[in-house]
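The structure under discussion appears below in the form of structure tokens.
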Amino acid sequence: MDKDVQLTAADIARLGDVGRAAVSNWRRRHEDFPQPIGGTSTSPTFSFNQVKEWLRAHAEEKPLPTREWLWQELRAGTPKSELASLIAELGAFLLKFDRDDEWRAHFVKADPEATVDLLWSQPSLAARMPLLSQLVDIAVESGARETFGFLCTRYFEMQRIYVTPAPIAAFMASLIDPYARSVLDPACGAGSLLRAAHERLGGQLFGQDLDEATARLTAVSLAFDVDETDIRPGDALRTDAFPGTLVDAVVCNPPFNDRNWGYEELAADARWEYGLPPKTEPELAWGQHALAHLTPGGSAVLLMPPAAAGRRSGRRIRAQLLRRGALRAVIALPVGSVPNMSVGLTVWVLCRPTGTQSPGHVLMVDTSARADEWGQVALAAWDRFTRGDHTDEPGVSRVVPVIDMLDDDVDLLPGRYLPSSLLDMSPERIVRSRDRLDNMLAATLTLLPRVEVAPAAQLRPLISLSELERRGLLTIHQQATPRAGEVSEVSGEFSVLTAEDVIRHEIATGQSSEISLRKNIRTRRGDVVVPLIVRKPVARVITDEDAVIGLNLSLLRPDPEHLDPDFLAGFLTGRANLRHYVSMSSAHRVDVRRAEVPLLPIDQQRAYGRAFRHLWTFAGSLRQLTELGGDLVQDTLDGLTQGIVLLSPDDPSWKEPITLDPEGTR
């Protein structure tokens, strides 16, 4: 089956072995360059068949990257539903090609058409001899393992399957007990954590992944290097592929914020030795799953979001992990150490208690200020801790008695236990903070939408939300407490989005077991939630959260084909709508049905919506800048007064004071 797949500019750059800028130049300079067939104006897509003809006509005898061409030919010649199976078959072929000298010699030297009989066990490959011929040529040049790894990488990119970065995987593997000889990853994905563990320890590998195609490709990929592997598909929480199997170590980068992890069907599961994880705490479910698979004394290393360390809904389980001696360390990573994550993640080191140890102490490490050497700093602290050396490194690591952590919050974020110290001051730190502030300032300014003066006569017809609801463009829901004798629709335990959560832009922190609610009003992506009592207008668009709305909230569910959620939220936060609300002494009571928005075409609404999103991101960046700027002011002041840094000769302070005029300029 041949099809015309669509290529991005990045795909074309790979096929032509050039940078992205060259593709832009080709589009401007060559009238015969293929026209876009899809995508958007800022991110167009192009016909593979047309690009293929154009590149070959303009190659000018330049050798083109054969691996990239093979990948695109695979995409074009294979239905998407069958692509993973074909790549797995090619992997099995390459594995035999790598290990069997006689087999390899036959394919390299013989007429490919005469080798069909050798593929009797893989008839789908026997029908693809030209493809195998290309594959063999690439494998001879680059290596069989590397060739299959390339195909897997492109497939995972196409499917947007997240791969744990190699530096993070190697770091996590370094935290495993060096005597471990069996390792499990219950959410193994592409297998980077298992591979890193095997490179350090050897031994037997077990893995499971929700996606069957990913599990199959990972199994073949690991087989190139590991003799004892067992990779299976399935949801490890709902359907454990290894019940009763105990291993020396577990490594895992579990799914974050997955509210659909199986709370309802797993409420009585034997793995919840430290407490039933609330629906809002999937990461604590994965942590207990890891502990349940460990031999006594075995260790688990998990990559966790920072919220898992401090959400109130998980404090009871965190307390049990501390009291029973199951938590050994929490290591905060710098922002940027894990690409595409806007926050600094944490690494938890857990241990299956042997029954003889006392809770003792927990190692807390914060590498957020050591972006260039975070791995070495954290491993040095871990090495000291495992040798029984409880020496603290001011501002970086501290060995904390468990009793000091068992307060009302049971907050496990290291920063709470590592107050900054003058002993940690260095000129490099101050310079790095200054550079970071400069970069953030430059990036923040790009978020402000470009605006111009509107004509004085420009008026837009306004329409109330009640009228939008009457026309079927919007539905409005509100929560209430059950009346006397009324049975609540909310059964089981759910996370509840409170008005405070919306105002503070936090995830849902309430629990249905603690709040009496009348209706089971669940949030969806694209909903807009508005608090009923506010000091200033507030509206929030739901992106990916699954929760029940709490009291004092209105939920607006727009028809996305006619009403853009961000557009709606933006106009609801404008002060013009305050005139429709009831003013109280220090706040306003919001009746969203009386609020008004302009009637605009959907494309204009979406443009406004994008601008509003940029403004909200700008506001968040300003808050970060305020925090970072305050720290930099104190650090610079301390550095100057302690003689750690000197005033630069180029600083204007030597000449005259720096002041800002009323226009905000010097």
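Count residues from 1 along the sequence.
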Go through the steps to decide whether Tyr581 and Val534 satisfy the test side-chain contact (heavy atoms from CB on, under 4.5 Å), and finish with yes or no. CA-CA 10 Å; Tyr581 306 148; Val534 295; 5.8 Å; no
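- For the pairing with Leu7, the side chain to side chain contact (heavy atoms under 4.5 Å, CB included) check across Val23, Val51, Ile37 returns one residue only, Val51.
- A donor-acceptor contact shorter than 3.5 Å is absent between the side chain of Arg271 and the backbone of Gln288.
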side-chain contact (heavy atoms from CB on, under 4.5 Å) assessment of Trp71 paired with Ile87: CA-CA 10 Å; Trp71 164 245; Ile87 295 173; 3.8 Å; yes
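- Crowding of Glu212 atom CD: a count of heavy atoms from other residues, nucleotides or ligands under 6.0 Å not exceeding 12.
- Side-chain atoms of Thr8 and Thr45 include no donor-acceptor pair closer than 3.5 Å.
- Between the side chain of Arg589 and the backbone N or O of Val582 there is no donor-acceptor pair closer than 3.5 Å.
- Closest non-hydrogen pair, Leu412 versus Val330, comes out as O-CG1, 3.4 Å.
- Using modelled atom types, no side-chain atom of Arg593 and backbone atom of Leu465 make a donor-acceptor pair closer than 3.5 Å.
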Please lay out, stage by stage, how Trp272 and Ile317 fare under the test side-chain contact (heavy atoms from CB on, under 4.5 Å). CA-CA 9 Å; Trp272 314 142; Ile317 294 177; over 6 Å; no
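- A 4.5 Å side-chain heavy-atom check between Ile168 and Leu303 finds at least one atom pair inside the cut-off.
- Side chain of Thr573 to backbone of Val538: no donor-acceptor contact under 3.5 angstrom is found.
- Nearest heavy-atom pair, His477 versus Ile549, reported as atom, atom and distance to 0.1 Å: O-CD1, 4.4 Å.
- Of all non-hydrogen atoms in Gly344 and Val335, the two that sit nearest each other are N-CG2, 3.5 Å.
- Applying the salt bridge (charged side-chain N to carboxylate O under 4.0 Å, His left out) test to residues at least two apart or on different chains, the pairs with a partner in residues 547-557 are Asp527-Arg557.
- A side-chain donor-acceptor contact under 3.5 Å links Asp209 to the backbone of Gly189.
- The CG atom of Asp411 sits 4.5 Å away from the CG atom of Leu413 when rounded to the nearest 0.5 Å.
- Distance check, rounded to the nearest 0.5 Å: CG of Leu551 to CD of Gln478 gives 11.0 Å.
- In this structure, Ile521 CD1 and Leu497 CG are separated by 11.5 Å, a value rounded to the nearest 0.5 Å.
- Nearest heavy-atom pair across Phe567 and Pro598 is CZ-O, 3.5 Å.
- The shortest distance between side-chain heavy atoms of Trp286 and Pro255 falls below 4.5 Å.
- Heavy atoms of other residues, nucleotides or ligands lying less than 6.0 angstrom from CZ of Arg535 number 12 at most.
- Between the side chain of Ser337 and the backbone N or O of Pro334 there is at least one donor-acceptor pair closer than 3.5 Å.
- The pair Arg75-Glu82 does not count as a salt bridge, with every side-chain nitrogen at least 4.0 angstrom from each carboxylate oxygen.
- With Leu556 as reference, Leu572 is the one residue of Val529, Leu563, Leu572, Thr475 to meet the side chain to side chain contact (heavy atoms under 4.5 Å, CB included) rule.
- Counting heavy atoms from C-beta on, the side chains of Leu333 and Val347 come closer than 4.5 Å.
- Gln479 contributes no side-chain N or O that, together with a main-chain N or O of Ser554, makes up a donor-acceptor pair within less than 3.5 Å.
- Nearest heavy atoms, Trp261 versus Pro277: CZ2-O, 3.4 Å.
- Taking the six-membered ring where the residue is Trp, Phe612 and Trp616 present tilted rings, their angle falling between 30° and 60°.
- Side-chain atoms of Ser47 and Asn49 form no donor-acceptor pair, as typed in the model, at a separation below 3.5 Å.
- In this structure, the side chain of Ser464 does not engage the main chain of Glu596 through any donor-acceptor pair within 3.5 Å.
- Taking the side chain as every heavy atom from C-beta outward, Leu237 and Leu266 approach each other to under 4.5 Å.
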Given the rule in the side-chain contact (heavy atoms from CB on, under 4.5 Å) test, do Asp240 and His289 qualify, once you have shown the distances and angles that lead to the verdict? CA-CA 9 Å; Asp240 188 356; His289 175 81; 3.5 Å; yes
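- Listed for the Gln208 side chain is a donor-acceptor partner under 3.5 Å among the backbone atoms of Gly234.
- Rounding to the nearest 0.5 Å gives a distance of 8.5 Å between CG of Leu194 and OG1 of Thr218.
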Salt bridge (charged side-chain N to carboxylate O under 4.0 Å, His left out) evaluation trace for Asp409 with Arg312: CA-CA 6 Å; Asp409 296 324; Arg312 290 189 60 79; 3.1 Å; yes
Give the intermediate values and the outcome of salt bridge (charged side-chain N to carboxylate O under 4.0 Å, His left out) for residues Arg14 and Glu157. CA-CA 14 Å; Arg14 288 169 173 169; Glu157 288 175 351; 3.2 Å; yes
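- For the atom pair CG of Leu284 and CE of Met304, the computed distance is 5.5 Å after rounding to the nearest 0.5 Å.
- Contact check for Asp501 versus Thr498: side-chain heavy atoms found under the 4.5 Å cut-off.
- With ring centers used as reference points, Phe156 lies 6.0 Å or more from Tyr162.
- Counting heavy atoms from C-beta on, the side chains of Pro305 and Glu283 come closer than 4.5 Å.
- For Thr346 (side chain) and Pro306 (main-chain N/O), no donor-acceptor pair under 3.5 Å exists by modelled atom type.
- Surrounding CG of Asp408 are at most 12 heavy atoms belonging to other residues, nucleotides or ligands under 6.0 Å away.
- Annotation: the span from Leu276 atom CG to Glu281 atom CD amounts to 11.0 Å, rounded to 0.5 Å.
- Looking at every heavy atom in both residues, Thr214 comes nearest to Ala190 through CG2-N, 4.2 Å.
- Inter-residue side-chain proximity for Tyr155 and Leu86 is flagged as unmet; no heavy-atom pair is nearer than 4.5 Å.
- Take Thr239 and apply the side-chain hydrogen bond (donor to acceptor under 3.5 Å, both in side chains) test, not counting sequence neighbours, and it matches no residue.
- For the pair Ile463/Arg471, a side-chain contact is recorded, criterion being any heavy-atom separation below 4.5 Å from C-beta on.
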